[in-house]
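Take a look at the structure below.
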Number of protein chains: 2
Amino acid sequence: MTSLSIAEAAEQTGLTAHTLRYYERDGLLLQSVERAPSGHRRYSDEDLRWIEMVTRLRSTGMPIRDVRRYAALVREGDGNEADRLALLLAHREVVEQQLVEVTSHLRAIDYKIALYEGRVAPAS
Amino acid sequence: MTSLSIAEAAEQTGLTAHTLRYYERDGLLLQSVERAPSGHRRYSDEDLRWIEMVTRLRSTGMPIRDVRRYAALVREGDGNEADRLALLLAHREVVEQQLVEVTSHLRAIDYKIALYEGRVAPAS
DNA sequence: CTCTGCCTTCGAGTGCACTCCAGGTCAAGA
DNA sequence: TCTTGACCTGGAGTGCACTCGAAGGCAGAG
């Protein structure tokens, strides 16, 4: 049961301290982070694990708004697992679709690169 | 050699008319789009092909600024192919990296989904 | 001739996700 | 005791990529 300062939490999560405060303010965390007597935030392992989940959702492109919704469901506790699942599945669908699209665009760019490298004859 | 109105070009490219004008204003196109006597834009096949390239770059996440730089290089004409190639390769690198990251985050999310679907025993 | 609708420009507005600032608190070290 | 540095808050600012609004031109239908 470690408990980290905001700077340490920032290092651990790869976010900035600014962003960590912002996420908390914006309701993306499950509870308010605990405070030292000085008022400084102390991040628990649990906080860190949740923030990593948030990071996964964010870096797969989930909007803040949806992360907040997911956090709210988890915060509510047992009983809404179906809703959480639906939210994750919907997100999964979107990400999958984006991967397909980006991959296909990337192939077209690769073709262009091949042209510049003289590995392929120009189309015209 | 067709020549399309902005509405038709919008439909063809999947962009909005607003966005087409914005791209032109912002220097993302190779030349100003031709005009009908009425002042209305007329998009050539060449315009359309270039806009598709722009769309590929954009939807793989290349910033407007970099697309503008690439357009400028192409506009300059022969002699800077190495620069264009470098730009595309650098972009390729970034995209590849993002694909890896997103895919790995997606796998973690899939694990969470599997938990909610009761297909896997919880970790703790 | 008037209406409808698509187009024009310029400039302002929007939404998102941070990112930063000012002014202040607090604990530890010289 | 003074300074330093990490942290606090509320609110403002930033950057990006659109997105829209206002005011007007012009062509074809009725």
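For clarity, every value in this text was computed on a predicted model and none was experimentally measured. Convention: sequence-line order gives letters A, B, ...; per-chain numbering from 1.
When each of B:R58, B:R65, B:R68 is checked for a salt bridge (charged side-chain N to carboxylate O under 4.0 Å, His left out) with B:D26, only B:R68 meets the rule.
OP1 or OP2 of C:dT9 has at least one side-chain nitrogen or oxygen of B:R35 nearer than 4.0 Å. Contact annotation: A:S38 does not reach the phosphate of D:dC8 (side-chain N/O to OP1 or OP2, under 4.0 Å).
Scanning residues 50-68 of chain A for heavy-atom distances under 4.0 Å to DNA chain C yields A:R58, A:P63, A:I64, A:R65. Residues from residues 7-29 of chain A that place a heavy atom under 4.0 Å from any atom of DNA chain D, listed by number: A:A7, A:R21, A:R25.
When side chains are defined from C-beta on, A:H91 counts as touching A:L57, because their heavy atoms get closer than 4.5 Å. Between A:R21 and A:R41, the closest side-chain pair of non-hydrogen atoms falls below 4.5 Å.
By the 6.0 Å contact criterion, CD on B:E81 is enclosed, its count of non-hydrogen atoms from other residues, nucleotides or ligands being greater than 12.
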>> Is there a salt bridge (charged side-chain N to carboxylate O under 4.0 Å, His left out) between A:D110 and A:R107? Walk through the geometry before answering.
In response: CA-CA 5 Å; A:D110 276 342; A:R107 265 198 289 274; over 6 Å; no

> Checking side-chain contact (heavy atoms from CB on, under 4.5 Å) for the pair A:E117/B:L85: CA distance, chi angles, key distance, verdict?
Replying inline: CA-CA 8 Å; A:E117 287 179 337; B:L85 178 58; 3.6 Å; yes

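Rounded to an integer number of Å, the gap from CZ of B:R41 to C1' of D:dC26 is 16 Å. For the pair A:I6 CD1 and C:dT25 P, the computed distance is 19 Å after rounding to whole Å. The OH atom of A:Y43 sits 16 Å away from the P atom of D:dA6 (whole-angstrom rounding).
Both B:M62 and B:L73 belong to a common hydrophobic cluster when Ile, Leu, Val, Met, Phe, Trp and Tyr are linked at side-chain heavy-atom distances under 4.5 angstrom. Linking ILVMFWY side-chain heavy atoms closer than 4.5 Å, directly or via other members, places A:I51 and B:Y111 in two distinct hydrophobic clusters.
Summary for the helix from C:dC1-D:dG30 to C:dA30-D:dT1: the axes at its two ends, each from 5 pairs, differ by 20° when rounded to the nearest 10 degrees.
Atoms CD and CD, from B:E24 and B:Q31 in turn, are 10.0 Å apart once rounded to the nearest 0.5 Å. We find the CD-OG1 distance between A:E101 and B:T60 to be 9.5 Å, quoted to the nearest 0.5 Å.
Ring-plane geometry between A:Y70 and B:Y116 is classed as perpendicular, the angle between the planes exceeding 60 degrees on a 0 to 90 degree scale with a lower cut at 30.
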